[in-house]
Amino acid sequence: MNVLVIHGPNLHLLGRRDPGIYGTATLARLNAGIKKHAAALGFKVRAFQSNSEGRIIDLLTANAAWADALVINPAAYTHYSYAIRDAIEALALPAVEVHLSDISRREPFRRVSVIRPVCLAQFKGEGALSYLKALDYCASIKGK
Ligand code: DQA
C-alpha cells in the first residue's frame, strides 16, 4: 500500500513548539517512526510538511494517483479549510485524519474539524501513536 502522509502548518516546529501539548520529538523523528511502522506493515510512504494551504492541495493532487491512502494532520487548517476538505473529497482519496493532541478537549475553535466528514477515521490525542494507529487503520481497509 502507498500512503501519503501530510503534516500541516507549524508542524515543522515540533520539538520546540509547546512541548507540553505536542511533546519534544521533532518532525524528523516523527517521520522516522511513521516510516518504520509503515515498513513493518509493508507500506511505502511519502511524507510532506507544508505551511501553505495551496501547497497542501497541490501535494494532494500530485500524489493522488500514487497514493492508496492519505494520512493527514491538517493542523490549524483542520478547523476552517474547506479548500483542503474539498480537495480530499474531489480526489476521492481514502483519508485518515490525525492529531497529536486531543482537539476535542482543547479550545472551542479546535473542537470543530471541517476535514472529518471527508475522512474515514480520526485518531487524536496520542502523540506519534495517533499516526501509527492511522497506518494500522489503513492496513485494515486495504483491498476494500
Ligand atoms: C494539531 C491540533 C491543531 O488544533 C493545531 O492547530 C495544530 C496541531 C495536533 O496535531 O494536535 O497545529 O493538529
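Given the structure is predicted, the values throughout are model-derived calculations rather than measurements. Both ligands and their constituent atoms are indexed starting at 1 by order of listing.
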Can you confirm, on distance only, whether ligand 1 has an N/O atom lying under 3.5 Å from any N/O atom belonging to [X]?
X	result
Leu100	yes
Ala76	yes
Thr78	no

Without swapping roles, check the side chain of [X] against the backbone of [Y] for a donor-acceptor pair under 3.5 Å.
X	Y	answer
Asn73	Ala75	yes
Asn2	Lys44	no
Arg116	Cys119	yes

Answer with yes or no whether the side chains of Asn10 and Arg17 bring together a donor and an acceptor at under 3.5 Å.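 No pair is found: no donor N or O on one side chain lies under 3.5 Å from an acceptor on the other.
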
Below a 4.0 angstrom heavy-atom separation, can you tell me which part of [X], side chain or backbone, both or neither, approaches ligand 1?
X	value
His79	side chain
Arg17	side chain
Asn10	neither
Val98	neither
Arg110	side chain

Going by heavy atoms, is Tyr22 under 4.0 Å from ligand 1?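 Within the 4.0 Å threshold, so yes.
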
Just one of Ile56, Asn31, Leu4, Val5 clears the side chain to side chain contact (heavy atoms under 4.5 Å, CB included) bar with Phe48, so which one?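 That would be Leu4; it is the only one of Ile56, Asn31, Leu4, Val5 passing the side chain to side chain contact (heavy atoms under 4.5 Å, CB included) with Phe48.
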
Parallel, tilted or perpendicular: rings of His99 and His79 (30°, 60°):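 If you compare the ring of His79 with that of His99, the planes turn out parallel.
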
For Tyr77, side chain to side chain donor-acceptor pair (under 3.5 Å) partners two or more places apart: none

Shortest protein contact, atom 1 (C) of ligand 1 (heavy atom only): His99 ND1, 3.7 Å

Nearest neighbour in protein (non-hydrogen) for atom 11 (O) of ligand 1: Ser101 OG, 2.5 Å

Below 4.5 Å, heavy atoms only, C-beta onward: do Gln122 and Thr78 meet side chain to side chain? no

